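Okay, so here's the structure we're looking at.
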There are 2 protein chains.
Amino acid sequence: MSTNTTPAKRPGGRSAAVLTSVKNAVEELVAERGRERVTIPIVAERAGVNPTSVYRRWGDLQTMINDIATYRLDPNRPLPESGDLRADLTQWAREIVTHYSNPVNAALLRGGAASAGESESDCLRNRRAEANIMVERAGERSPVTVDEVIDHLVAPIVYRVIFLPWTLSEDTATSLVDRLLPE
Amino acid sequence: MSTNTTPAKRPGGRSAAVLTSVKNAVEELVAERGRERVTIPIVAERAGVNPTSVYRRWGDLQTMINDIATYRLDPNRPLPESGDLRADLTQWAREIVTHYSNPVNAALLRGGAASAGESESDCLRNRRAEANIMVERAGERSPVTVDEVIDHLVAPIVYRVIFLPWTLSEDTATSLVDRLLPE
DNA sequence: TCCTTAAAGCAATTGTGTTTGCGTTATGGA
DNA sequence: TCCATAACGCAAACACAATTGCTTTAAGGA
């Protein structure tokens, strides 16, 4: 599981070159044309690589897209840790909004949504893990649960990204946090 | 625009039979296999119809799916109108949860999400219109705006439908309304 | 430096979605 | 009942994605 985007052996050589150029091609093309109109031959051409290589290494384009969508916002980046839950959640939400203001990431999210549900991998599971860390830090007296953070902070942002992308703005994050944590 | 699912002429005859069988086939197949694995030839076979007919009449499968997804929950159904905003929103939200508890509708929503954004048709625009009616009815003194209803009632439900369908339960609607309208 | 082999390239083939021209059916009005 | 025509069925042609066997390249250890 996790990132099969990492070559098993011989990192840094030709394999790595193919890997990064294919990844870049997928990101560019999904943003340009939308998930629906991206195929492996098209990706291969943009990457300057033979389609066969892509088929053999990944086989399933959707899996690759899910993987990219899941790990493009680095799950190991430092989380805000000011000691104030409100401030931390606000900054964290701002990061997410900024991330999805990039059309590439928005398109990848929509691509992920199409194949979500069932038992498939969820490209937002890292968000939940992060929310969990921050709520845990606040301890017993946290005014919110993880589920509430997902429902009232992550969900509205994701909803806007997918269905109403033009409504995402600078203060989307803050106004959502204001609703989540009454002063 | 709107429902091109209605035959232009000669309703009730062979055309209507094709229409309903194709529509049923799309609903069944999207639920069974997910949007990604549904094609026009497959739909045509299930419907007992020639693929050519589907191509000529609809051409674009995604458009048909969006159309079905948009109008499957009748936008002309009566809205709750008890005089109490909280009660109305609760019942309305419950209807939506029930609707999307049906795997067919959940799959259609995911299919719609894939092609949302940009300038395409949004399969949830009727939800916003409904929310608008109920908030308007509450008049000047409404404790919530339409945007807030979308952000904190519709968005969490939709998010769960798409990414965490197993978390939808009987009291999802009521607990969301409780957060939206502090007592 | 040489040698092994994982990984990429190439080309031919197969499978399937889409288009198109034409014949057939049957609806709904005359 | 008959007729005009909208809509469907059929089959061939087409376009392109996916598969497969084989060759070639180059990474990395001996």
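In the text below, chain A, chain B and the rest are named by the order of the sequence lines, each starting its count at 1. Only this structure's heavy atoms are used, side chains among them; waters, hydrogens and symmetry mates stay out. This is a predicted model, so every value here is computed, not measured.
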Please determine whether residues B:Leu73 and B:Ile65 belong to a single hydrophobic cluster, defined as Ile, Leu, Val, Met, Phe, Trp and Tyr linked transitively by side-chain heavy-atom distances below 4.5 Å.
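In one cluster with B:Leu73: B:Ile65, no.
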CE/B:Met134 to CH2/B:Trp92 distance, rounded to the nearest 0.5 angstrom?
4.5 Å
Atom-pair distance ([atom1] on [X]; [atom2] on [N]), nearest Å:
X: B:Asp60; N: C:dT18; atom1: CG; atom2: C1'; result: 13 Å
X: B:Asn50; N: C:dT19; atom1: CG; atom2: P; result: 14 Å
X: A:Ile42; N: D:dA17; atom1: CD1; atom2: C1'; result: 10 Å
X: B:Arg37; N: D:dA18; atom1: CZ; atom2: P; result: 13 Å
X: B:Ile40; N: C:dT18; atom1: CD1; atom2: P; result: 5 Å
X: B:Glu45; N: D:dC10; atom1: CD; atom2: P; result: 13 Å

Any salt bridge between B:Arg137 and B:Asp84, counting N to O under 4.0 Å?
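No.
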Can you check whether [X] has a side-chain N or O nearer than 4.0 Å to OP1 or OP2 of [N]?
X: A:Ser53; N: C:dA7; result: no
X: A:Tyr55; N: D:dA18; result: yes
X: A:Arg57; N: C:dA8; result: yes

With heavy atoms under 4.0 Å as the rule, sort A:Thr52 into base, sugar-phosphate or nothing.
base
Out of D:dA7, D:dG9, D:dA18, whichever nucleotide has its closest atom nearest the side chain of A:Pro41
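Taking heavy atoms from C-beta onward, the closest nucleotide is D:dA18.
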The side chain of B:Val49 lies closest to which of these nucleotides: D:dC8, C:dG9, D:dG9?
D:dG9
C:dG21 base / B:Arg56 side chain donor-acceptor hit below 3.5 Å
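Checked by distance alone, the answer is yes.
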Any side-chain to backbone donor/acceptor pair from B:Ser21 onto B:Ala17? Under 3.5 Å, distance only.
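Looks like yes, one N/O pair under 3.5 Å.
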